[in-house]
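Please read the structure below before turning to the comments.
Residue numbering restarts at 1 for every chain, and letters A, B, ... go by the order of the sequence lines.
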There are 2 protein chains.
Amino acid sequence: MAETHTHKPEPVADVLADHGVRPTSQRETVYRSLLQQRDHPTADEVFARVRENAPTISLATVYNCLDVLVQHKLVKAVNFERGPTQYCANLAPHAHFHDEAGGTLDIDMPPEMITQLLGLLPENFDVKHIEVNFHGRTPSA
Amino acid sequence: MAETHTHKPEPVADVLADHGVRPTSQRETVYRSLLQQRDHPTADEVFARVRENAPTISLATVYNCLDVLVQHKLVKAVNFERGPTQYCANLAPHAHFHDEAGGTLDIDMPPEMITQLLGLLPENFDVKHIEVNFHGRTPSA
DNA sequence: CAGGTAATTAGAATTATTCTAAAATAAGTC
DNA sequence: GACTTATTTTAGAATAATTCTAATTACCTG
């Protein structure tokens, strides 16, 4: 099957480099893990996952890598109430829905919605980012 | 000057009772503190403030009271990134703007905006609450 | 390959919060 | 008003997530 709509699959190292992140093996491993398993893992969960491939990586490094990825906008950090930070490689503008029963869902947000939200602010505010979180229950059925 | 638009100012104890919260002196003190000083204090800050009137109150009690007030929807808990939870007695629907330079602002949200946000979700999701947070800088001038 | 910068590591430290168990308070009952 | 029971408060210990520290390792530049 030919790839009709996708560009050539850019190696992870290049994606990092393109975003100004020096591509170390740890950073690649962490980022790859987030790309592969697109739930919303905590730092601990990422640590557990990457240990399989990189058994010598440390938790501090996982935190460092995640921070760098977030700072360079390759990954989003999601916070819910007092829970541990969760990480998300979905870069499209989206909100998050936190199910009380556990689990976090991405909710796509059309760009107009972002524009409207920004419209609530006084003109000269400099917005770095917006976060929209829903909290509740998904249908149990 | 006659009070033209306000109802009789209901004592704090009654407000608590009306919301199903047993009005203990600690709860009244904590709630009153939030009503009076409408910045977005952390539990520690509330603790420091209420100690002036109630020098024997404990930090655990402040946490307990804040939790009860939040559970009974008299107070909102606001979380930003990894910072400590902040509390807010503004019950009108509103978003929060976190200034990197410090400080948190309430941003009014018209009900239509809430409706639109809810429209992003599948029909049968049961939403307990929505949180909209902006992050950035206010004009320094 | 020497020298410098940046990244990683293990473990200690910190911080906000929650837990625990006991004492105090309040509410309801006779 | 004393008695019982449920709730709240309290001080301090415990926990959990994250950050810090200092030492080591990897990478790049000349």
Side-chain angles (χ1 to χ4, degrees), chain A residues 12-14 16-17 19-33 40-51 53-72 74-88 98 102 104, chain B residues 12-14 16-17 19-33 40-51 53-72 74-88 98 102 104:
Chain A
V12 164
D14 293 353
L16 295 179
H19 285 254
V21 176
R22 188 147 96 187
T24 66
S25 81
Q26 290 88 341
R27 287 171 179 174
E28 287 181 43
T29 310
V30 167
Y31 186 43
R32 226 186 299 270
S33 163
H40 295 76
T42 64
D44 262 337
E45 284 164 347
V46 173
F47 182 47
R49 289 173 190 180
V50 298
R51 239 127 92 93
N53 305 323
T56 67
I57 201 171
S58 77
L59 178 58
T61 299
V62 171
Y63 272 103
N64 289 343
C65 292
L66 290 170
D67 280 354
V68 168
L69 293 171
V70 169
Q71 274 164 38
H72 290 76
L74 282 160
V75 164
K76 278 187 181 151
V78 194
N79 289 291
F80 254 89
E81 327 250 288
R82 297 278 80 227
T85 301
Q86 299 174 264
Y87 298 87
C88 167
H98 272 239
T104 301
Chain B
V12 164
D14 293 354
L16 294 180
H19 284 254
V21 175
R22 187 146 97 189
T24 66
S25 82
Q26 290 87 340
R27 288 171 179 173
E28 287 181 44
T29 308
V30 166
Y31 186 44
R32 225 187 299 269
S33 162
H40 295 76
T42 63
D44 262 337
E45 285 164 347
V46 173
F47 181 48
R49 289 172 191 181
V50 297
R51 238 127 91 94
N53 306 322
T56 66
I57 201 171
S58 79
L59 178 57
T61 299
V62 171
Y63 272 102
N64 288 344
C65 292
L66 289 170
D67 280 355
V68 168
L69 293 172
V70 169
Q71 273 164 39
H72 290 76
L74 281 161
V75 164
K76 277 186 182 154
V78 194
N79 289 291
F80 255 89
E81 328 250 290
R82 298 277 79 228
T85 301
Q86 300 174 265
Y87 298 88
C88 167
H98 272 237
T104 301

Provide, to the nearest angstrom, the distance between the CZ atom belonging to A:Arg51 and the P atom belonging to C:dA10.
9 Å

Measure all distances between protein nitrogen or oxygen atoms and nitrogen or oxygen atoms of nucleotides 10-12 of chain D, and list the pairs falling under 3.5 Å.
from   : atom 1 : to      : atom 2 : distance (Å)
D:dT10 : OP1    : B:Thr56 : O      : 3.2
D:dT10 : OP2    : B:Ser58 : N      : 3.2
D:dT10 : OP2    : B:Thr61 : OG1    : 2.7

In B:Thr56, B:Thr61, B:Val68, the residue satisfying side chain to side chain contact (heavy atoms under 4.5 Å, CB included) with B:Gln26 is B:Thr61

CZ (A:Phe80) and NE2 (A:His40) are apart, to the nearest 0.5 Å, by 9.5 Å

Evaluate the side-chain contact (heavy atoms from CB on, under 4.5 Å) criterion for residues B:Asn79 and A:Asn79: first the C-alpha distance (whole Å), next the side-chain angles of each, then the deciding distance (0.1 Å), finally the verdict.
CA-CA 8 Å; B:Asn79 289 291; A:Asn79 289 291; 5.7 Å; no

Check: A:Glu28 side chain, A:Ser25 main-chain N or O, donor-acceptor pair, under 3.5 Å:
no

A:Glu45 CD to D:dT18 P: how many Å, rounded?
11 Å

Would you mind reporting whether A:Leu66 and A:Thr85 have side-chain heavy atoms less than 4.5 Å apart?
no

In whole angstrom, what separates B:Arg22's CZ from D:dT7's P?
7 Å

Close side-chain approach of A:Val30 and A:Val75, heavy atoms under 4.5 Å:
no

Would you tell me if any nitrogen or oxygen in the side chain of B:Arg27 comes within less than 4.0 Å of OP1 or OP2 on D:dT8?
yes

Give a yes or no on whether the backbone of B:Thr29 and the side-chain of B:Ser33 come within a donor-acceptor separation of less than 3.5 Å.
no

I need the residues from residues 74-85 of chain B with at least one non-hydrogen atom less than 4.0 Å from DNA chain C; give them sorted by number, or say none.
B:Pro84, B:Thr85

Taking OH from A:Tyr63 and C1' from C:dT14, how many angstroms apart are they, rounded to a whole number?
13 Å

How long is the line joining CG of A:Asp67 and P of D:dT18, in whole Å?
10 Å

Atom pair distance, as rounded to whole Å: CD in B:Glu28 and C1' in C:dT25
14 Å

Nearest heavy-atom approach of B:Ala13 to B:Pro23 is O-CB, 3.7 Å

